[in-house]
Amino acid sequence: MTPVDQNVTSRLYVSTYTGKQFYPLAPTPEQIDIEDIAHGLAYQCRFNGQTRYFYSVAQHSLIVADLVAQDLRAAALLHDAAEAYMGDMVKPLKQLFPLYSEIESRVMSVVGLRYGIGNFDDPAIKRADLIALAMEKRDLMPNSSEPWDSLKGIVASPIRITPMSPQEAKAAFLLAFQSV
């Protein structure tokens, strides 16, 4: 990671829904809270809001979790947990900011420590993430008719996405977390 002034590192934090201070440059498991994750993801729209309807990262995570085997559901549900603290940056922009990806990776490691999960990058989760992406493109982005390179060879599930409100997505996310 690029060196950052220690004074800056110790001052930069994100205030969370539950009232915690989350330090993205120095995250610890104690700063991580499932309610903050559920709330943050439920109120963030995928694709920078460039969708037909509001569609949250939390609902995306629920779909990914539904597409994997039971033993991977917790990791699939939390595969985008860092976005609750850092925001959901679209892939083309993320590629321009490698430091963001480094910080995100560190945050995901701490989320893994907090919940005893280490397989966020499991190939089955990656594939489920792409299947969900194909569903999202089909159901939520009708004006994006060009093919997406990342979806080559990926077939969307026939299940259609019905967008949830942030409150519904948060409640469903918390319920799903309790059952994994």
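Reckoned from all heavy atoms, side chains included, excluding hydrogens, waters and symmetry mates.
Residues T51 and M141 form a side-chain contact, since some pair of their non-hydrogen atoms from C-beta on lies under 4.5 Å apart. K126 places none of its side-chain heavy atoms less than 4.5 Å from the side chain of H79. Residues L12 and L25 meet the side-chain proximity criterion, which asks for heavy atoms closer than 4.5 Å. Side-chain contact between E104 and M89: absent, with no pair of heavy atoms (C-beta onward) separated by less than 4.5 Å. Looking at I32 and P27, their side chains never come closer than 4.5 Å, going by heavy atoms from C-beta outward. Looking only at side-chain heavy atoms (C-beta outward), P24 and Y85 stay at 4.5 Å or farther from each other. Residues I161 and Q59 meet the side-chain proximity criterion, which asks for heavy atoms closer than 4.5 Å. Residues Q167 and Y43 are in side-chain contact: their nearest non-hydrogen atoms beyond the backbone lie under 4.5 Å apart.
In terms of heavy atoms, K20 sits closest to Q31 at CD-O, 3.5 Å. L78 approaches I117 most closely through the heavy-atom pair CD1-CD1, 3.7 Å. Looking at every heavy atom in both residues, A176 comes nearest to L62 through CB-CD2, 3.6 Å. Pairing each heavy atom of S56 with each of A169, the nearest pair is OG-CB, 3.5 Å. Counting all heavy atoms, side chain and backbone alike, A75 lies closest to N119 at CB-OD1, 3.1 Å. Nearest heavy atom pair, residue R114 against residue P29, reads CD-O, 3.1 Å.
A continuous path of Ile, Leu, Val, Met, Phe, Trp and Tyr side chains, each step under 4.5 Å between heavy atoms, connects V107 with V110, placing both in one hydrophobic cluster. When the side chains of ILVMFWY residues are joined at heavy-atom separations under 4.5 Å, either directly or via intervening members, Y100 and V111 end up in a single hydrophobic cluster. If you chain together hydrophobic residues whose side chains sit under 4.5 Å apart, M86 and F47 never meet in one group. Placement of I131 and V64 in two distinct hydrophobic clusters is found when ILVMFWY residues are connected by side-chain heavy-atom separations under 4.5 Å, directly or transitively. The same ILVMFWY cluster, assembled from side-chain heavy atoms under 4.5 Å apart, contains both F120 and I34.
In this structure, Y13 and Y23 have tilted ring planes: the angle between them lies in the 30° to 60° band.
The CZ atom of F54 lies 8.5 Å from the CD atom of Q44; values are rounded to the nearest 0.5 Å. Atom CG of D122 sits about 12.0 Å away from atom CG of D129, to the nearest 0.5 Å. Within the model, atoms CD of Q70 and CG of L72 stand 9.5 Å from one another, a figure rounded to the nearest 0.5 Å. A distance of 7.0 Å separates NZ in K91 from OG in S150, rounded to the nearest 0.5 Å.
Heavy atoms from other residues, nucleotides or ligands lying under 6.0 Å from CG of L113 number more than 12.
A salt bridge is defined here as a Lys NZ or Arg NE, NH1 or NH2 lying under 4.0 Å from an Asp or Glu carboxylate O, and E35 with K170 meets this definition.
S105 contributes no side-chain N or O that, together with a main-chain N or O of S101, makes up a donor-acceptor pair within less than 3.5 Å. Side chain of R138 to main chain of S157: a donor-acceptor pair is present (N/O by atom type, distance under 3.5 Å, no hydrogens or angles). A donor-acceptor distance shorter than 3.5 angstrom exists from the side chain of D36 to the backbone of T18, with no hydrogens or angles considered. Between the side chain of H60 and the backbone N or O of V57 there is no donor-acceptor pair closer than 3.5 Å.
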Verdict with supporting geometry, I37 and F173, side-chain contact (heavy atoms from CB on, under 4.5 Å): CA-CA 9 Å; I37 293 170; F173 189 98; 3.9 Å; yes

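Here F177 and Y115 bring their ring centres to under 6.0 angstrom of each other.
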